[in-house]
Amino acid sequence: MRVAREEKPALPELARIERRRLAGKEFASPAVIDLHGLRQDEAYRALAQFIARARAKGHGTVLVVTGKGSAQRESVLRANVPRWLAEHEFKSQILAISPAHSAHGGDGAFYLRLRKLR
């Protein structure tokens, strides 16, 4: 009998202490992108450019706002952004991902911890 293994998340989550720090009022990242109203292809390109610019400017943690969707349906971007970030193009640039605190968008946003440029 084979025991089913739990799948590893595509990207690790931020440490609890870092999530707590981000939830505080001192979090005011100048690097925030709001993907509301963009089509998937537009959002993908905008996200790629945003991450590249944020890393070039030395930002460690950024906020990506996707929107929550409606009560009947999850936002397409909310569902796809974590999947996109796990792809090779992005995965090499990101250390961790976590849902944002309610003060920063809650279920409709993500914190990303970026890798530093070498």
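It should be emphasised that the depicted structure is a prediction, and the values quoted were computed from it without experimental measurement. Numbers for residues simply follow the sequence, beginning at 1.
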> What's the verdict on side-chain contact (heavy atoms from CB on, under 4.5 Å) for I33 and V62, showing C-alpha distance, side-chain angles and the deciding distance?
Replying inline: CA-CA 8 Å; I33 187 170; V62 298; over 6 Å; no
> Listed by chain and number, what are the side chain to side chain donor-acceptor pair (under 3.5 Å) partners of Q49, not counting sequence neighbours?
Replying inline: none
>> Would the distance check show the side chain of R113 and the main-chain N or O of G60 forming a donor-acceptor pair, the cut-off being under 3.5 Å?
In response: yes
>> Please enumerate all residues that pass side chain to side chain contact (heavy atoms under 4.5 Å, CB included) together with A52, with sequence neighbours excluded.
In response: none
> Closest approach of F110 and P82, non-hydrogen atoms and distance?
Replying inline: CZ-CG, 3.5 Å
> Can any side-chain N or O of R115 pair as donor or acceptor with the backbone N or O of S92 at less than 3.5 Å?
Replying inline: yes
> Closest approach of A48 and E89, non-hydrogen atoms and distance?
Replying inline: CB-OE2, 3.8 Å
>> For F90 and W84, I'd like to know if the aromatic rings sit close, meaning centre-to-centre distance below 6.0 Å.
In response: no
>> Minimum heavy-atom separation for F50 and L63, please, with both atom names.
In response: CZ-O, 4.0 Å
>> Assess the residue pair L114 and L95 against the criterion (side-chain contact (heavy atoms from CB on, under 4.5 Å)); give the C-alpha distance rounded to whole Å, side-chain angles, the decisive distance to 0.1 Å, and a yes or no.
In response: CA-CA 6 Å; L114 304 178; L95 289 171; over 6 Å; no
>> Suppose we screen for side chain to side chain contact (heavy atoms under 4.5 Å, CB included). Which residues come up paired with D34, at least two apart in sequence or across chains?
In response: H36, V65
> Out of curiosity, L117 CG to K57 NZ, how far, rounded to the nearest 0.5 Å?
Replying inline: 13.0 Å
> Which heavy atom of R55 sits nearest a heavy atom of K116, and at what distance?
Replying inline: NH2-O, 3.5 Å
>> Run the side-chain contact (heavy atoms from CB on, under 4.5 Å) test on I51 and L112 for me, step by step, so that the C-alpha distance in whole Å, both residues' side-chain angles and the decisive distance to 0.1 Å come before the verdict.
In response: CA-CA 9 Å; I51 290 171; L112 303 182; 4.1 Å; yes
> Minimum heavy-atom separation for E42 to R39, with atom names?
Replying inline: OE1-N, 2.9 Å
> Any sub-3.5 Å donor-acceptor pair from T66's side-chain atoms to L77's backbone N or O?
Replying inline: no
>> Is there a side-chain contact (heavy atoms from CB on, under 4.5 Å) between Q40 and N80? Walk through the geometry before answering.
In response: CA-CA 8 Å; Q40 288 184 62; N80 284 327; 2.8 Å; yes
>> Please give me the minimum heavy-atom distance between G67 and S75, naming the atom from each residue.
In response: O-CB, 3.4 Å
